[in-house]
Amino acid sequence: MVQSAVSQALLSIDFLKSKLPGNRNGKVREILDLVLPRADSLLEVLAHTHFTRAGLKVQMHVDVPGVGEVDCLVTNA
């Protein structure tokens with residue numbers, strides 16, 4: 001739901017994080033770091049989440065010369 005609201009510009013990550021101060025909300029703030037400001041599909045969100053949690057470096061919506069824009073560029077961090 002949060003991903004959808006952020007993608008539709010109904011909420012911002014900064015606004016949500018401002019509502020989650022203190023040590024007890026650290027895990028929730030970490031989850032908010034996984035939200036993509038510009039997600040085109042659920043599969044894109046799931047791929048980003050799994051790759052990030054696996055420790056890979058993930059860049060979203062990258063322009064690759066000679067190819068065009070790719071949804072997800074994954075490298076070894």
Side-chain angles (χ1 to χ4, degrees):
M1 288 187 290
V2 170
Q3 178 64 60
S4 179
V6 169
S7 294
Q8 295 177 47
L10 300 173
L11 289 173
S12 73
I13 298 297
D14 290 337
F15 171 78
L16 293 170
K17 285 185 177 182
S18 74
K19 301 297 180 189
L20 298 164
N23 294 335
R24 293 184 181 189
N25 293 314
K27 292 284 186 189
V28 177
R29 287 192 303 271
E30 286 178 20
I31 290 170
L32 287 177
D33 289 336
L34 295 172
V35 174
L36 301 174
R38 183 187 148 206
D40 296 327
S41 70
L42 176 59
L43 288 177
E44 189 177 317
V45 173
L46 293 173
H48 174 265
T49 301
H50 288 293
F51 292 151
T52 300
R53 286 186 172 168
L56 299 170
K57 182 180 178 195
V58 182
Q59 296 174 318
M60 303 305 291
H61 302 284
V62 177
D63 188 42
V64 177
V67 176
E69 185 180 274
V70 295
D71 290 337
C72 190
L73 182 64
V74 181
T75 59
N76 284 339

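As the structure is a prediction and not an experimental result, all values here were calculated from the model. In what follows, every heavy atom counts, from backbone to side chain, and hydrogens, waters and symmetry copies are set aside. Note that the numbering runs from 1 along the sequence shown for the chain.
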Heavy-atom closest pair, residues Pro21 and Ser18: CD-O, 3.9 Å
Val70: hydrophobic cluster co-members (side-chain, 4.5 Å): Val62, Val64, Val67, Leu73
Cluster companions of Ile31 among Ile, Leu, Val, Met, Phe, Trp, Tyr (side-chain spacing under 4.5 Å): none
Residue list, side-chain hydrogen bond (donor to acceptor under 3.5 Å, both in side chains) with Gln3, at least two apart or on another chain: Ser7
Results of side chain to side chain contact (heavy atoms under 4.5 Å, CB included) for Ala5 - residues two or more places apart only: Leu10, Leu11
same_hphob_cluster(Leu42, Leu36) at 4.5 Å side-chain heavy-atom cutoff: no
Residues which pass side chain to side chain contact (heavy atoms under 4.5 Å, CB included) with Val2, listed by chain and number, not counting sequence neighbours: Val6, Leu16, Leu32, Val35
side-chain hydrogen bond (donor to acceptor under 3.5 Å, both in side chains) pairs, two or more places apart, involving residues 39-53: Glu44-His61
Co-membership, hydrophobic cluster, residues Leu56 and Met60, 4.5 Å side-chain: yes
Summary of salt bridge (charged side-chain N to carboxylate O under 4.0 Å, His left out) pairs that have at least one residue in residues 10-37, sequence neighbours excluded: Lys17-Asp33
Sequence neighbours excluded, every pair satisfying salt bridge (charged side-chain N to carboxylate O under 4.0 Å, His left out) that has a member inside residues 2-13: none
Exercise: identify the closest heavy-atom pair between Cys72 and Val58: SG-CG1, 3.5 Å
Spacing of CG belonging to Leu34 relative to CG belonging to Leu46, to within rounding of 0.5 Å: 11.0 Å
Which atom of Val45 lies closest to which atom of Ala39, heavy atoms considered: CG2-CB, 3.6 Å
